[in-house]
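Okay, so here's the structure we're looking at.
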Amino acid sequence: MNLYAHFSDRIFAALDALKADGTLPGDLDARSITAEPPRDPAHGDVATNAAMVLAKQAKMPPRDLAEKLAAVLGEDDDISNVEVAGPGFINIRVAPAFWPRVLMSVLQQRGDFGRSGIGAGEAVNVEYVSANPTGPLHVGHVRGAVFGDALAALLEFSGFNVTTEYYVNDAGAQVDVLARSAYMRYREALGHDIGDIPEGHYPGDYLKPVGEMLAEKYGEGLLEADETEWLPLVRADAIDAMLMLIKDDLAALDIGQDVFFSERSLIDGATDKVAVTIDELRERGLIYEGRLPPPKGRLPDDWEDREQTLFRATEFGDDVDRALMKSDGTYTYFASDIAYHNDKFKRGFRNMIDVWGADHGGYVKRMQAAVKAVTAGEAALDVKICQLVRLFRGGEPVKMSKRSGEFVTLREVVDEVGPGPVRFMMLYRKNDAPLDFDFVKVTEQSRDNPVFYVQYAHARAYSVFRNTLEVFPDLKPDSLDPVKLKLSLLESEEELSIVKKISQFPRVVESSALAHEPHRISFYLHELAGDFHSLWNRGKELPQLRFINDADRDLTEARIALVSSIAETLANGLRILGVQPIREMR
RNA sequence: GGUCCCGUAGCUCAACUGGAUAGAGCAGCGGACUUCUAAUCCGCAGGUUGCAGGUUCGAGUCCUGCCGGGAUCGCCA
């Protein structure tokens, strides 16, 4: 159950009652009314701004309206106390008898606790990574990969119908470079001396197996061929090989997208989908031939003022109109990208989320403009920019040089610290803030390391379960009958406050999903873990608070139910983040 | 120069899309192990939310202008 949704319903019922007796007009705009936890728990369990929001419409001072509303809410059995505070907040204190129901619902729902239907089955497309298929993924791709994957899981858990997608840029100049590089490795595999890999090619050893594969497949058949003949063949094989590599890398992080969408397929099929898209825009008068002003500031050396095919991006909030054709007559990347998003739209997606790296920040406006234009405003595109990850090892920055090819690969990171810590740390910051990643710290077993801290809490819960068996050999968390438990025995302030914390989980999940911000889950888990560690240690000072009480089976059962609810909540949160919960630390 | 992101405690960051007295963790100081694993916990201290205006019942959050840091700037992807 979602506590806040529950009381939100009660508040609206109370408003209906006030409408019925004429205190409030019948046609209220109640959209911005909220039911939320007050910042200070001393104020109560649920607070609503209803009176302040409605004061104007009711033509009544907010506090007066609040008093009337409070009087109605006071009648509710689930509410023990209602107070009007400050400018007109209504603070609700939930009846003590209500809290056991929260735990019962956790124990009944288990792995589904926090799941909701707010997405109402709506289709969402989440596109992420989409790195050029020219080599293994490097550390720069990790954050976007994890973010996109976790966001997709979060949306799925919240009732959206999610499709995850990878846009394969297999049509640009990069893949031709890839083909030429692979061709060199092909000659090498046939015993030719190729010397050093020249500038402008991909030097990495990962192309050697591709060369060998080509040698086996074609023998010497491509050696005498003209580049125009061999390039498409080699390119196709090389791209396939690179995609295998990339999928393997992603699998190491437990990521597998539903769709790998080929950019080339837009133009290679029976119809040129890019041309079709441009035509659609042209019919709406959004395409014209014209000149662009040169960029402000320093003029590029090769600036050439020329007439070109432009999209009226400025009509949709962009700063300048954007080019669709290169000077050699082929489509720009942007043109293909419009067609790609148009294709998503035609596949039924009204909600699109793109996860991009920091270097694409300047691309957001034009893409959103394009989506607005091509879908006539029917689809929404949210672009999540993931800022840079700075690598450290024991506080020292890790040097990276992309030019010399000495970049840190995704695989190296995952192999060294494991997928769980990588995933958690990548989600322990807001996506648009830079992130520090320390190889040493994330594997440390100390409270500085949030991954460990949360995992330790989960493992600790399972340690309690193991210890319980020594006193009550048949007392297992999954054999508890939620209905028969005497949960009202959980009456200490410490226990109650952690129950309240648990009750917030569904709300945290919902708001993270709607805001497209999975990091909120990580922070919540860290807090919940802290509360649990704290409660654990209280048992040392006050033995009557220990989870296991030899002399009182009912009390022990109730507390095991509480611990189990905590563990279940931690596990559900971790699973959304794609992190495997650990049951034993040693 | 244009555009986008960021600026919150000494440091790293939260703040539930506008709510009440801005919260955590590190670092600092002082405490708690015959233990349900102290791999943890408790307490103290720490703030003009970069600056100046504006919007309203109410602003770290929205708007305008500055200051500082980062990213990006026809045809690369």
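Numbers restart at 1 for each chain; the letters A, B, ... are given by sequence-line order, proteins then strands. Heavy-atom basis, side chains included; hydrogens, waters and symmetry copies ignored.
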Original post:
Are any of the side-chain nitrogens in A:D474 or A:R553 under 4.0 Å away from the carboxylate oxygens of its partner?
Top reply: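 Looking at A:D474 and A:R553, the cut-off is met.
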
**OP:** May I ask you to say whether A:R559 pairs ionically with A:E495, meaning some side-chain N is under 4.0 Å from a carboxylate O?
**Re:** yes

Original post:
Do you know the tightest heavy-atom contact between A:P518 and A:L154?
Top reply: CA-CD2, 3.9 Å

Could you go over nucleotides 63-71 of chain B and give all protein N or O partners under 3.5 Å, atom names and distances?
| from | atom 1 | to | atom 2 | distance (Å) |
| --- | --- | --- | --- | --- |
| B:rA71 | O2' | A:A358 | O | 2.9 |

Subject >> Short side-chain N/O contact to B:rA77 OP1/OP2 from A:K326, under 4.0 Å >> reply: yes

Original post:
How would you list, by chain and number, every residue that makes a side chain to side chain donor-acceptor pair (under 3.5 Å) with A:N81, sequence neighbours excluded?
Top reply: A:E83

Original post:
Any donor-acceptor pair under 3.5 Å between the side chain of A:S327 and the base of B:rC75?
Top reply: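 In this structure, the two groups form a donor-acceptor pair.
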
**OP:** Confirm from the modelled atom types if A:N91 and B:rA20 form a donor-acceptor pair under 3.5 Å, side chain to base only.
**Re:**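 In this structure, the two groups form a donor-acceptor pair.
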
Original post:
Are side-chain heavy atoms of A:L266 and A:T277 found at a separation under 4.5 Å?
Top reply: no

**OP:** Measure up the A:W356 and A:H360 rings against each other and bin them: parallel (under 30°), tilted (30 to 60°), perpendicular (over 60°).
**Re:**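 A:W356 and A:H360: tilted rings.
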
Taking only N/O atoms, report every protein-nucleotides 7-12 of chain B pair under 3.5 Å with atom names and distance.
| from | atom 1 | to | atom 2 | distance (Å) |
| --- | --- | --- | --- | --- |
| B:rU12 | O2' | A:R429 | NH2 | 2.8 |

Original post:
Does the cation-pi check pass for A:R390 over A:F437, that is, NZ or CZ under 6.0 Å from the six-membered ring centre and within 45° of its axis?
Top reply: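 Negative - A:R390 is either too far from the ring of A:F437 or too far off its axis.
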
